[in-house]
Amino acid sequence: MQVNENETFVPTIVAFCCNWCSYAGADLSGTNRLQYPSNIKIIRVPCSCRVNPMFILRAFQRGADGVILCGCHPGDCHYTTGNYYARRRMTLLFSMLDYLGIERGRTRVEWVSAAEGQKFAETMKSFAAEIAALGPNRRLEDLRCRK
Amino acid sequence: MQKIGVFVCHCGTNIAATVDVKAVAEALGREPSVAVSTDYPYMCSESGQNLIKDAIREHALDGVVICSCSPRMHENTFRKAAAQAGLNPYMVEIANIREQCSWIHKDKEEATEKAIILGRAAIAKVLLNAPLTAGESPVTKRALVIGGGIAGIQTALDIAEAGFPVDIVEKEPTIGGKMAQLDKTFPTLDCAACILTPKMVDCAQNENIRILSFSEVEAVSGFVGNFTVKIRRKARYVDETKCTGCGLCTEKCPVKKVPNEFNLGMDQRRAVYIPFAQAVPKVARIDPDWCNMLKNGKCGLCSKICTVGAIDYKQQDTILEEQYGAIVAATGYEPIKVDRYDEYAYTQSKDVITSLEFERLTNAAGPTSGTLLRPSDGRHPHTIVFIQCVGSRCTPEKGKTYCSKICCMYTAKHAMLTREKYPDTDVYVFYIDVRTPGKNFDEFYRRAAEEYGVHYIKGAVGKVAPRADGTLDVQGSDLLMNEQLHIRADLVVLAAAIEPSKTARPLATMLTASMDTNDFFTEAHPKLRPVESPTAGIFLSGACQGPKDIPETVSQASACAAKVIGLLAKDKLTGNPCVAHSDEWMCNGCSNCASVCPYGAITYEDRDFRMPDRTTKTRRVAIVNPAVCQGCGACTVACPSGAMDLYGFSNSQIMAEVDAICK
Amino acid sequence: MQEMMKKRAKTLLADGTVSRVIGWRRGEFSYDVTPAVFETAEEIDRDFVFDAFCGANVSKYLIRESAKEDGRILAFLKPCDAFSFNQLLAEHRVRRENVYLIGIPCAGKADIDRIKKAGIDGVTGIAEDGEDFVVSTVYGDERVKQADVLAERCLACKSKRHPVYDELLGEEGEDLPDDVRFAGVAKLEAMTAEERFDFWRSELSKCIRCNACRNVCPACTCENCVFDNPASGISQKAAADPFEENMYHIIRAFHVAGRCTDCGECSRVCPEHIPLHLLNRKFIKDIDELYGTYRAGEDDGTKNPLTSYTEGDAEASVVRERGRA
């Protein structure tokens, strides 16, 4: 979480993108010069199934206000089945976070193909707006990591 | 203490315009472990690469971070450069500050700050990189071409020419594809069959090519160099090895009213039939939906008349399993169905036809033996209206958003040929634009308009209404003359959009090849790698990758073959070293990992471990086969103990990246 | 039942079928029963107990015991213990050939805290009598309805059947309607997010990281637990921050998701009485609702729902449509 000079809340958002579809989709939105907020940083993973719940929790611990996982559309995974597992794990993880009272909007899964540069930019913009509206992450933050 | 080198690329002004590259280099230079940090206009250029290599040698760098364009662009370039300087190529990480930073942000301060954070994440990751060595896997020197149209044929011929065995799998009973249904081809007006059939025969006679006709791919497993494919050889109820293609059975068959697909339903064939005269293989097929013997057990005439005993009513589908090193997708296209465009009255009048139907009408082997006649009453059409862009260049709800590329040229061809053969027939073409980008294409279209007197009208057709007297009222706009027109036509031809074959999407799933939203196969790079799929070992040939005409298809088919040959010429493939590995000290042997591995790369062994109390304990542990592992990482998350980790994207590396970003 | 078990154990020891027996012995207090391994008939006579305080699940100990090469071990498994054992078997954690299983019936075990809450102190023993327990104390005997003092997990028991055994003592039981098991979870799901957050903060802040829940859990059997492994990035010895309190429990529940047999041991052993079963049951409820009813340990054929999938699985956005925000 960052607060700039004007005291407006600038969310920190981590996006995990799979190398084959969503990362390429992110590159495409860059190639097409489609804008989205700079507070979103992308971490490249080989497949959406690589994302361990540990990473998501770590992101929140270290100050992220929102975490989004992007991968290939189910059925199109470069490794055939990875995103199916990712889909199940993330659904269960997000349900557990919701159960613990963490705001639902802080996590999201979005399937973006390598041809969907537009969709990637729109998704990032809408997610950033949602997180900004939710405010800073207080319920799942580690006070020792606060800046 | 590790020594990292940071290299920030300007990429001309692509990065430098919105990111203060010098500030980034300076900020990252202050990070712990960074021994040298510099910037340069074009890192990927030879001088840029030399800069990196010199720095590696001079500072004895352990790792390198390049802040530049996407790793999907130049990761290999920089890895090679590092290797040439004596640094393990996997000690290189790339921070994407172009596609994911400079190109998407306008505020220089924000973009610079983000670039610094992304650079820090890459530094955090490279500090945890381990030097990796790529493994090797063998290559099966055999190619599979899926689709036997002109694209598949050309690709197969080129691969066979290089000396490698090729199988062509074609779902129809014969190869030839759409080109076999064409009459003449633009811009040379060659007879399609005349230029195609010699190639078809070449395929049949080439000892390196095996044609698996009336067959479909059922399952694909494996990876580049080592694919295992199951092919279903569908039953034609005729023994391919015995049938001579004499055609006697087709003459005697009593079932005569089967709609003939080759002529798009405009005439009939028999239940036992040969698709067309130049079919390859020239083998009959019995249609089980119409054959009396197969349906009711009555008849058997063809079997009695066949002189070589090729009829086999009991034939079953068989499955063939084969190994291949490379697979080519050449599944081609289909014209869309135009039934839904009520405004063109396709379903209301037999005289509203598609271009492919027109092609069959003008073809000497077609339903009217080449005479252009109205399908409704068999009379000669005196006025023909061609409507372009039916279903192309639309909004997504109306049809396809893209341009189908071939229609302007083939409509000009149809118009010109009609005018040449029937000078008394008036021909109108309603167009939005006339697109003629190829060699001699524009001259061709201008001949149609200027020499042959085809009336080109810039405007859309609003409605085609059948009239009581059997003609059609075509109402359209002429935008250049700024008026509404009504043309009384005898025949209306719709230039229907083209879309990928319906078999393409299930095939793409089997091949794990990506497709775009229109079901065209995606190429690895739209400009620089047009004939390869991002999935290693899968190549693309022809219209399945995007609408294209015959000259382009043949070019691409040969390009595709060149890529395949480049692969098959290798004896060994260098694998991807970013594979999973299991720490046997932590592994439980619980088998969660193998359950999620798509490639079957994980097996289990009982291993003995010497315990601290000097006893030996035997434990079951997971073993990953690095040659089969493709590095997806599903096992790492399924593993509860964290024993399974992924080289190149390890748990600690990803968490270091998270830390760097969230700090 | 205790006598039948002791007799059978001694017989199997004597005839060499097994070389050891795992069962229960009294601890400091009569209700403080712990699993123990017996090697001789004398030990069995002296120390082996089986009564309504024997809630402890012995399956986990069989991982180490079945790895020993000196003969088989006899284990008495209640139905819920048998589910745990079957799950361990599916994960190759136990050597089946080194274990002799006797399935024992179970009408439910008593929760000492509920007995104490009912006002009964100085407990020295317990016996079943119809629908009641007769609790012997230093002040005399007390009678109490079983339904009032049974452990919560026994009141929500899902099955009296043993999915794996070599022999049975008594009649085989049946599956139960299993319609109250998720009531606690449903109650939380019906609260607002703020209420849930407050609930879990108040519960999890009590956690002292004794790790008893992990140590007793039959699904938590990793040779080297991530929380003990400094290289994992999430190792902790104590929860130094509310975040770490949350994280330990989320990750542990996630790691056992799809493998948890809902034996309830985690809540039983927690010294702070945190209702940990509400976390594991949330995963089970979600899995049942989203991916089809699944009971870990019920058989060895079906795949763990976290290592399988269907093409029509719900999207993660379904979380936004369920329960209450």
Side-chain angles (χ1 to χ4, degrees), chain A residues 48-49 51-63 67-71 73-77 80-111 123 130 134 137-146, chain C residues 185 188-189 191-201 203-204 226 232-234 240-244 246-251 253-255 257-258 278-287 289-291 305-325:
Chain A
S48 49
C49 67
V51 179
N52 198 316
M54 277 195 317
F55 304 157
I56 297 181
L57 291 176
R58 181 132 180 154
F60 283 122
Q61 177 185 31
R62 302 286 153 144
V67 175
I68 179 167
L69 174 78
C70 295
H73 288 266
D76 293 341
C77 178
T80 58
T81 51
N83 53 6
Y84 288 130
Y85 297 120
R87 183 163 60 172
R88 279 209 175 181
R89 280 175 207 284
M90 291 303 121
T91 305
L92 291 175
L93 176 69
F94 296 173
S95 184
M96 175 56 77
L97 290 178
D98 171 53
Y99 189 59
L100 259 61
I102 312 302
E103 300 94 321
R104 295 170 170 186
R106 293 206 184 274
T107 50
R108 192 193 282 199
V109 168
E110 198 70 51
W111 307 119
T123 301
E130 196 178 353
L134 280 174
N137 163 33
R138 292 261 180 264
R139 294 185 186 173
L140 202 57
E141 79 171 317
D142 192 327
L143 295 166
R144 299 169 298 173
C145 294
R146 230 195 234 193
Chain C
V185 175
L188 280 169
E189 286 174 341
M191 295 182 190
T192 64
E194 279 78 19
E195 288 167 348
R196 283 198 292 271
F197 183 68
D198 289 337
F199 173 82
W200 284 111
R201 278 285 76 235
E203 290 295 343
L204 294 179
V226 284
S232 74
I234 55 171
D241 178 88
F243 174 84
E244 287 192 331
N246 280 339
M247 182 179 79
Y248 169 79
H249 290 285
I250 295 174
I251 299 262
F254 196 91
H255 277 189
L278 289 178
L279 286 171
N280 299 104
R281 280 200 185 149
K282 167 64 174 165
F283 272 126
I284 296 175
K285 180 168 187 279
D286 278 347
I287 288 171
E289 282 169 6
L290 293 171
Y291 310 125
L306 261 74
T307 57
S308 53
Y309 64 89
T310 66
E311 287 167 29
D313 280 343
E315 293 295 334
S317 53
V318 77
V319 171
R320 297 181 182 215
E321 294 146 30
R322 302 170 83 237
R324 210 169 145 203

| Non-hydrogen atoms of chain C under 4.5 Å away: do they reach the side chain of L69(A), the backbone, both or neither? | neither
| field | Y84(A) side chain to C77(A) backbone, donor-acceptor under 3.5 Å | value | no
| request: Pick one of side chain, backbone, both or neither for A257(C), based on which atoms fall under 4.5 Å of a heavy atom in chain A. | output: neither
| message | Which residues pass the side chain to side chain contact (heavy atoms under 4.5 Å, CB included) test with T91(A), not counting sequence neighbours? | response | R87(A), L290(C), Y291(C), A316(C), V318(C), V319(C)
| query | Which one of E194(C), M191(C), E189(C), M247(C) has the most heavy-atom pairs closer than 4.5 Å to chain A? | reply | E194(C)
| Whether R104(A) side chain and R324(C) backbone form a donor-acceptor pair below 3.5 Å | yes
| message | Out of V226(C), I287(C), D198(C), T307(C), return the one with the most heavy atom pairs under 4.5 angstrom to chain A. | response | T307(C)
| task | Determine, stepwise, if the pair D98(A) / S95(A) fulfils side chain to side chain donor-acceptor pair (under 3.5 Å). | result | CA-CA 5 Å; D98(A) 171 53; S95(A) 184; 5.5 Å; no
| For the residue pair F254(C) and R89(A), what are the closest heavy atoms and their distance? | CE1-O, 3.6 Å
| query | Is the backbone of G233(C) close enough, under 3.5 Å, to the side chain of R58(A) for a donor and an acceptor to pair up by distance? | reply | yes
| said: Need one label for Q61(A): side chain, backbone, both or neither, based on atoms under 4.5 Å from any heavy atom in chain C. | reply: both
| query | Checking heavy atoms, do the side chain of E195(C), its backbone, both or neither come under 4.5 Å from chain A? | reply | neither
| What part of R322(C) is in contact with chain A, defined as an atom under 4.5 angstrom from a non-hydrogen atom: side chain, backbone, both or neither? | both
| query | chain A heavy atoms under 4.5 Å from S308(C): which part of the residue, side chain, backbone, both or neither? | reply | both
